[in-house]
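Presented below is the structure to which this report refers.
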Amino acid sequence: MKPVHDMGVAELAAALKSRALSSREATQALLGRIAAHDKSLGAFLHVDADGALARAAAADALLAAGHGGALTGIPLAHKDIYVTADMPTTAGSKILAGYRSPFDATVVARLNAAGTVSLGKLNCDEFAMGSANENSAFFPANNPWDLSRVPGGSSGGSAVAVAARLVPGVTGTDTGGSIRQPASFTGITGIKPTYGVCSRYGMIAFASSLDQAGPMARSAEDCALLLSAMSGFDERDATSVNQPPQDFHAQMLAAREGATAAQPLKGLRIGLPREFFPAGLSADVNAAVRAGLAELEKLGATLVDVSLPRTELAIPVYYIIAPAEASSNLSRFDGVKFGHRAAKYDDLLDMYKKTRAEGFGAEVKRRIMIGTYVLSHGYYDAYYLQAQKLRRMIADDFQQCFTQCDVIAGPVAPTVAWKHGEGKDDPTQAYLADIFTLPGSLAGLPGMSVPVGTGAGGLPVGLQLIGNYFKEGQLLHAAHALQQATDWHTRAPAGI
Ligand code: GLN
């Protein structure tokens with residue numbers, strides 16, 4: 001049998017089911033790996049070894065009694081933006097120091113109910129604002145392919161934990177690319193479903209009209225298994241979509257009409273927006289993405305040229321709408337209800353001011369200020385309302401594309417992972433790098449990152465696949481076909 005850390009979710013589930021391995025053994029092995037390697041990686045903000053071993057023992061009892069489900073006993077970890085009753089929750093921020101939620105986020109509760117074993121909480125950018133995990137109030141996370149580089153963000157710790165094989169699957173969240181971009185930077189697979197497919201209840205809100213939960217793992221198959229358990233209607237989230245539970249694994253496997261064994265993607269039209277391949281796209285990313293597309297063509301897909309003419313506008317639109325919503329959402333952190341409160345203050349207003357000045361990091365403060373500004377009287381019409389109108393036009397552009405293709409493809413990010421510290425002083429640089437993930441987010445569409453090789457310095461590159469609403473199954477199907485024919489997703493960083 002392979003070492004536990006070399007097994008993905010599906011493989012591990014088969015080993016657990018056959019009783020070749022117990023959940024306790026698997027959990028112990030991964031806890032050992034975390035203890036050995038996470039000091040240099042910085043993936044975890046909190047590890048709950050005792051709790052994990054107890055949960056694993058309970059899962060083993062279920063498996064022994066023949067009551068295990070598809071995910072019973074699988075070790076996982078959660079982005080620290082999901083509230084959890086049995087572990088602290090920080091959202092990567094000092095302002096939540098000492099906070100303990102009285103309940104679990106729906107996504108976490110569902111994965112727990114499916115028998116998964118949570119090992120701990122994962123590092124992330126403060127309130128999920130960032131693209132490098134360098135906005136974590138605690139410590140940065142490091143890319144296991146090159147520790148001097150960022151793993152992407154905001155779900156950076158999540159990506160590192162999977163890429164370094166500390167855990168086979170994790171949860172992430174994606175507001176403007178936070179699942180897809182770190183997946184791309186670390187060579188793993190991640191999917192952000194259609195807005196509304198996963199409940200946002202208990203996911204600490206950044207920009208509520210954009211925030212979505214999703215899984216990150218090594219393969220599309222593992223993501224499909226996790227997403228089936230995480231998703232589904234939740235009456236506690238008013239934007240949750242009321243549709244019957246989905247079996248994404250079955251959807252991933254379902255053969256296309258007219259498909260053959262050699263050409264499982266026969267007839268699939270993949271649209272390449274010309275704006276996703278600009279002159280400034282780095283050559284290594286372009287080459288890897290083209291190699292991935294060539295494989296998809298071999299599998300029977302046809303490539304068609306399409307256009308998303310407002311791609312560049314997605315950046316200013318997102319960086320008005322997301323901060324506007326953040327400024328409202330973050331007003332609840334006032335020193336009264338949650339976490340940190342300033343030790344010394346004169347009166348109530350002074351307490352609010354000092355608490356927020358001490359508790360929030362620079363990027364969060366910047367966004368609260370931008371958001372407050374664009375919503376203020378006199379500027380609302382000029383900025384916020386204009387951005388909302390453009391958001392609708394961006395979504396309409398996608399519908400125009402989907403009359404010509406089934407799936408849209410392109411790079412996830414314009415470059416491979418950058419060095420720690422690069423661009424830290426210039427937030428606009430980081431905002432511009434979100435160009436390919438923001439349009440799909442604003443439209444609320446499902447999007448995936450699938451590893452398609454390496455670029456400069458042997459660093460991973462992800463191919464982005466964007467589907468129409470509720471077409472997660474189609475994305476997973478295409479990604480799975482690609483992963484059946486290639487081995488990019490099985491490559492692991494050396495030395496860990
Ligand atoms: N990088 C984007 C931002 O900083 C997206 C973050 C996210 O998806 N949570 O807002």
Side-chain angles (χ1 to χ4, degrees), residues 78-82 91-93 107 122-136 140-141 150-159 170-185 190-193 195 198 200 203-216 314-327 329-330 360-371 374 387 391 412-415 417-418 422-424 426-449 462 464 466:
H78 300 295
K79 183 175 182 178
D80 204 19
I81 202 99
Y82 292 95
S93 182
V107 159
L122 296 159
N123 204 353
C124 57
D125 284 306
E126 186 174 6
F127 290 103
M129 297 175 188
S131 310
N133 210 121
E134 287 183 322
N135 297 334
S136 165
V150 304
S154 66
S155 312
S158 300
V170 296
T171 53
T173 62
D174 191 312
T175 302
S178 279
I179 286 175
R180 291 161 286 163
Q181 185 256 21
S184 176
F185 277 14
I191 181 164
K192 172 200 104 77
Y195 181 80
C198 288
R200 290 184 298 106
M203 225 173 84
I204 294 176
F206 159 18
S208 307
S209 76
L210 294 151
D211 297 342
Q212 245 311 276
M216 301 160 82
I315 301 168
V317 168
Y318 172 90
Y319 281 99
I320 288 170
I321 292 176
E325 294 184 18
S327 70
N329 276 325
L330 270 55
F360 288 135
E363 182 62 24
V364 173
K365 286 176 185 163
R366 181 178 299 121
R367 297 201 191 193
I368 291 173
M369 287 190 282
I370 294 171
V374 299
R391 181 179 187 176
V412 174
T415 63
W418 56 84
E422 253 174 42
K424 249 195 128 174
D426 183 3
T428 327
Q429 262 334 93
Y431 298 172
L432 291 174
D434 290 340
I435 182 162
F436 304 132
T437 50
L438 298 179
S441 293
L442 289 164
L445 295 166
M448 264 191 103
S449 177
Q464 184 174 206
I466 301 172

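These numbers were taken from a predicted model, which means no experiment stands behind them. Start at 1 and go down the list; that is how both ligands and their atoms are numbered.
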### Query
If we ignore angles and hydrogens, is there a donor and acceptor under 3.5 Å between the side chains of K79 and S154?
yes
### Message
Pairing donors with acceptors under 3.5 angstrom, does anything connect the side chains of S93 and E126?
### Response
yes
### Message
Checking R180 against S441: is there a side-chain donor and acceptor pair closer than 3.5 Å?
### Response
yes
### Task
State, with a plain yes or no, whether a side-chain heavy atom of I368 is found less than 4.5 Å away from one of F360.
yes
### Query
Does the side chain of R391 come under 3.5 Å of the side chain of S209 through a donor N or O and an acceptor N or O?
yes
## Note on the structure
Output for ligand 1, non-hydrogen cut-off under 4.0 Å, lists A128, M129, G130, S131, S154, D174, T175, G176, G177, S178, F206, Y318, Y319, R367, D434
### Task
Say whether D434 and Y319, considering side chains only, have a donor N or O and an acceptor N or O under 3.5 Å apart.
yes
